[in-house]
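Down below is the structure, laid out as structure tokens.
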Amino acid sequence: MTSVQDRTTLPDRFDPGATERALYAAWESAGVLTADPAESSRARGTRSPFVVVIPPPNVTAVLHMGHGLNDTVQDVIVRWRRMAGDLTLWVPGTDHAGIATQNVVEKQLAAEGKTRFDLGRDAFVDRTKKFVEETGGVILQQLRALGCSCDWTRTAYTFSPELSRAVREAFVTLFERGLIYRGHRVIHWCPRCLTSLSDEEAEFNDENGNLYHITYPLVDDPSRSITIATTRPETMLADVAVAVHPDDDRYKDLVGKMVMLPVANRPIPIIADEYVDREFGTGALKITPAHDANDFEVGLRHKLDMPIVIDAEGKMISGDSLPTTQYSIPKTLLGLDRFEARKQVVIQLKGLGRLEKTEPRSHAVRRCYRCNTVVEPRLSDQWFVRMKPLAEPALAAVRDGRIRVLPERWEAVYIQWLEGIRDWNISRQLWWGHRVPVWYDGAGKPHAFREDPSPETIKKLDLKYQDEDVFDTWFSSWLWPLSTLGWPDKNAADLKAFYPTDVLVTAPEILFFWVARMIFAGYQFAGEAPFHTVYLHGTVRDTQHRKMSKSLGNGIDPLDVIKLYGADALRWTVVSGLGMGTDVILDPQDLEKSFAPGRNFVTKLWNIARFLLQNIGDRTPPALDTIDAKSFASADAWILSRLDAAIAECDAALGGARPPNGAWPLDERFRGLRLDEYAESARRFAWNELADWYVEAVKPRLQSASADGDVARAVLLHVFDQALRLLHPIVPFITEALWQRLPGRPAGAFIATAAWPRPRGGSVERAREFDRLREVVAGIRQIRGEYNVPPANMLNATIVGAPDLEPVIARERAFVTQLARTDITFAAAAPAGP
RNA sequence: GGGCGAAUAGCUCAGUUGGUUAGAGCACCUGCCUUACACGCAGGGGGUCGGGGGUUCGAGUCCCUCUUCGCCCACCA
């Protein structure tokens, strides 16, 4: 009787659920996933470091297919480099995700009928911290199920004491360098999150609205009026002027005159400003400095009042914080939501006969990227980073190839954005996040501190209070490659050994949010780019090409897939379908369709191994290198040459791991990391060449205990071992499970750290011979297929006119018989026949 | 409004610098439970390479134009 443990037998099927977890634990406990900084060639060691930092998922996130894609890609690259001999490190971690996490906790509070203000700042932060400690980081556990070979000893968190120190250091350094300033201006404000947002966080959407044409009568002569056009009539209550273009002949005589603002009933001047577009609407523009970023600029130029009529929650207000009481708004509008106020203002304008026309119009509306609320332009004081000086080296680095962005077209997008970059609003009116380390003195002057000021300092500088705001989440994640490696401690072992990192893998959506800013930070704080390659992959979509999302209910849970098909199947599907920059299309309604190919391939590998173990079992054949090439059969030479070709193809598809001499030469710049091509080359070798031809061809020889049988066993073992290695980065579990059962493996060895295959060279002549045999076999099979000739070994095929094949087939008749399922004889060649 | 990209087999995509009968996976059709594998094996059908025009001995590949999608950016209210 045989048991499962028997070396010569395997169960019928690979059971991922029963093996994946144990394999992962074995890697982890054997230290396969960790990297010792002392071994780095940048420290005392000799090994080239290869480092990837994970795009930190939100600490409250659970794994979705987007992560499945992103992290599989990283793991493939990391495992490839680990096998290639690099000192490989993949740093995992999570992001405290200020606004997103705060929203989650606020929702919980809302369910209890409370707001964060009921708790107060400290209690709210405590509660959030507790929530994160209790439920956060689930995703890190899930990444293990995916097979991600992260170094968990280095798990980082953007809100940890260490990383918080980095955030503070970065802010104070920029403050000292004059790259940070406090600005009073109109910013994007989310009335639901009650915080400001950066330009990137306020996303554009084209939406249908109305363009209202409103007539403002002249104070001098109410029979005359000027017509303005606006999509937001409710803001007219804060109008302080009407602007026309200085060269607009239609309005030249009106400049300087006063018009009476309807509804509000107060006079405002007509001014001239170059900003106005004569072609748009009526060529006359209402100016509302506190509620429109452009009007704010006009207001500054003309020294206009900047009354506010919409409060933080988007409700109409009056009086307070306004320069004079003249800006009070009608009682009927007080306290109304801005959209309701719009309706009411329109009704009132109609009643006054001041609404000339309403024109349906699609226009860009900005919405909060976290809660989708329409963003309100709001006049306020915020902290800004001057971006132009930071962007310059980042722009140069991409232009001269020190950093490449894949796929190529994103490089142009990157350059375009950097060329027109605007200052970054980094302060948020939230509670969950790094508090701005600024204290204001009695004169209102800000002082920035690396450490909280001592009582003596407070006294000396007459500090009154700390800034209430926290930083934009991205103000901590932009430091990620630095902070996770120990910066600002310039002597940190990891920083010396592993910075700069190598490849950054992420989605194009956060190219500006995160990737570009990390490059800024790299140059600003370390004088060096944080990585040399940015790999931007596509998006996971359903069959209708819609993004997978919770709200659409078209998502696929990666854990379901892992349970049903195994992690390898998931990884295979994702990688093999991943053209450079193309989206991955999956069918949430039909997991079988999407993931069966991966599972089937895994099963194929399993079955090759079953065959191999049955035929080799415990008898370890001689090492391939000890075999004289002369004793190879043509099939041996052929599969060895195909292996060399497959290795070369995989290497070519993967490309160079790092830029030679610090910058990517043009001919290499956009090559490499073609993971789908790599996957296909490795698959073709294992399945279409090794399994379909070699395994079949070698069957008769394995029956014998002769020397030739040993040659066959040695070659079979070698090429399967190499195939497993080529495939390991993509399907780590099955390859590790099988590789460990191969005869002759030393105890404690892992394919995860086994050497990446290299071409060995060999006789091409003998390989060609086998190609001739394959042609013959293919010919016979074709005829059999077309004429439906039943399979039978007694069938006799006669080959005419190929005398050069005769000796080959005579020698390797067993192959041909096996492969073609027929016997072969030769007829005399017809003389000079076509 | 500015910039970029894509349209190739029913579906998802490859097709490097223009060069012999345009490829892969899935799907489909026909045989086959051949002692590793039916999650498999063998064979097969299927494309006017979005439309039109041009350059060339030769174009899926270069140029122009039209159509349709997609992406990024943007202060026309």
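Proteins get letters first, then strands, A, B, ... in listed order; numbering begins at 1 in each.
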Counting only side-chain N and O atoms of A/R674, is one of them less than 4.0 Å from OP1 or OP2 of B/U16? no
Nearest-Å distance once atom C1' is located in both B/C62 and B/G18: 7 Å
In whole Å, measure the gap between the P atoms of B/U68 and B/G51 for me. 15 Å
Passing option when A/Y369 is tested against A/E509, A/E201, A/E203 for side chain to side chain donor-acceptor pair (under 3.5 Å): A/E201
Using purine N1 to pyrimidine N3 plus N6-O4 or O6-N4 for Watson-Crick, or N1-O2 and O6-N3 for G-U wobble, each under 3.5 Å, what pairs with B/G25? B/C11
Return yes if the base of B/A74 and the side-chain atoms of A/Q416 contain a donor-acceptor N/O pair under 3.5 Å, otherwise no. no
Report which part of the nucleic acid A/R599 touches: base, sugar-phosphate, or nothing (heavy-atom distance under 4.0 Å, all strands). base
Counting the atoms with a prime plus P, OP1 and OP2 as sugar-phosphate, which does A/R684 contact under 4.0 Å by heavy atoms, base, sugar-phosphate, or nothing? nothing
Salt bridge or not between A/D12 and A/R610? Use side-chain N to carboxylate O under 4.0 Å. yes
Using every non-hydrogen atom in the two residues, find where A/F296 and A/P289 come nearest and quote the distance to one decimal. CB-O, 3.3 Å
When all nucleic acid strands are considered with a 4.0 Å heavy-atom cut-off, which category describes A/V695: base, sugar-phosphate, or nothing? base
Quantified in whole Å, what is the C1' atom distance between nucleotide B/G58 and nucleotide B/A22? 16 Å
What contact category does A/E696 fall into here, base, sugar-phosphate, or nothing, at under 4.0 angstrom with non-hydrogen atoms? base
Classify A/A229 by what it touches in the nucleic acid, base, sugar-phosphate, or nothing, heavy-atom distance under 4.0 Å. base
Does any nucleotide pair with B/C75 by Watson-Crick or G-U wobble geometry, both distances under 3.5 Å, and what is it? none
Which part of the nucleic acid, if any, lies within reach of A/R541 when heavy atoms closer than 4.0 Å are counted: base, sugar-phosphate only, or nothing? nothing
Mark yes or no for a side-chain to base donor-acceptor pair under 3.5 Å between A/R409 and B/C4, with no hydrogen or angle criteria applied. no
Quick check on B/C41: is either OP1 or OP2 less than 4.0 Å from any side-chain nitrogen or oxygen of A/K604? yes
Considering heavy-atom distances to RNA chain B, does A/N688 or A/G577 have its closest nucleotide positioned more toward the 5' end? A/G577
Starting from C1' on B/C72, measure out to CG on A/L418 and report it in whole angstrom. 14 Å
Residue whose closest nucleotide on RNA chain B lies nearer the 5' end, A/H545 versus A/T282: A/H545
With C1' as the reference atom in both, quote the distance from B/G3 to B/G47 in angstrom, rounded to an integer. 33 Å
Residues A/E696, A/R701: salt bridge by 4.0 Å N-O rule: no
Take atom P in B/C13 and the same atom in B/U8, then report the distance between them in whole Å. 9 Å
Please report the distance, rounded to the nearest Å, between NZ in A/K593 and P in B/U12. 9 Å
Give one of base, sugar-phosphate or nothing for A/R366, where a contact means two heavy atoms less than 4.0 Å apart. sugar-phosphate
Suppose you measure atom P in B/A24 against the same atom in B/C71; what distance do you get, rounded to whole Å? 32 Å
Between CZ of A/F815 and P of B/U34 the distance, given in whole Å, is 23 Å
Could you tell me the Watson-Crick or G-U partner of B/A42, where both distances fall under 3.5 Å? Say none if there is no partner. B/U30
Looking only at side-chain N and O atoms, does A/W410 come under 4.0 Å of OP1 or OP2 in B/G3? no
Between A/F601 (CZ) and B/G40 (C1'), how many Å, whole number? 15 Å
Need one value for A/A691: base, sugar-phosphate or nothing, where a base atom within 4.0 Å counts as base even if backbone is also close, heavy atoms only. base
Both distances under 3.5 Å, Watson-Crick or G-U wobble: report the partner of B/G60, or none. none
Nucleotide nearest A/W417 when distance is taken to its side chain, options B/C73, B/C41, B/C37: B/C73
Identify whether the distance between the nearest side-chain nitrogen and carboxylate oxygen of A/E207 and A/R367 falls below 4.0 Å. yes
Contact class for A/D292 (heavy atom, under 4.0 Å): base, sugar-phosphate, or nothing? nothing
Hey, is CD on A/E279 packed in by over 12 heavy atoms from elsewhere, all under 6.0 Å? no
Looking at A/K699, does any N or O in its side chain come under 4.0 Å of the phosphate oxygens OP1/OP2 on B/A36? yes
I need the CZ-C1' distance between A/F280 and B/A74, as an integer number of Å. 14 Å
Expressed in angstrom and rounded to an integer, what is the separation of A/R683 atom CZ from B/G23 atom C1'? 13 Å
Using a heavy-atom cut-off of 4.0 Å across all strands, would you classify A/I585 as base, sugar-phosphate, or nothing? sugar-phosphate
Applying a 4.0 Å non-hydrogen cut-off, can you work out what A/W572 is touching in the nucleic acid: base, sugar-phosphate, or nothing? nothing
Test side-chain hydrogen bond (donor to acceptor under 3.5 Å, both in side chains) on A/E592 and A/S594 and set out the steps. CA-CA 5 Å; A/E592 182 74 11; A/S594 297; over 6 Å; no
A/E200 CD to B/A74 C1': how many Å, rounded? 13 Å
Give a yes/no answer on whether the side chain of A/N607 brings an N or O atom under 4.0 Å of OP1 or OP2 in B/G40. no
Classify the nucleic acid contact of A/F512 as base, sugar-phosphate or nothing, counting any heavy atom under 4.0 Å across all strands shown. sugar-phosphate
Report, as yes or no, whether the 6.0 Å neighbourhood of atom CZ on A/R671 holds more than 12 heavy atoms from other residues, nucleotides or ligands. no
Output yes when at least one side-chain N/O atom of A/Q782 is less than 4.0 Å from OP1 or OP2 of B/G44, else no. yes
Looking only at heavy atoms, what is the nearest atom pair of A/V698 and A/A712, with distance? CG2-CB, 3.4 Å
P atom, B/C63 versus B/U17: distance in rounded Å? 12 Å
Watson-Crick or G-U counterpart of B/A6, or none if no pair lies under 3.5 Å: B/U68
Please work out if A/T582 contacts a base, only the sugar-phosphate, or nothing of the nucleic acid, heavy-atom cut-off 4.0 Å. sugar-phosphate
Give the rounded distance in Å between these two atoms: CZ of A/F204 and P of B/G1. 15 Å
Expressed in whole Å, how much space separates the C1' atoms belonging to B/G45 and B/U55? 37 Å
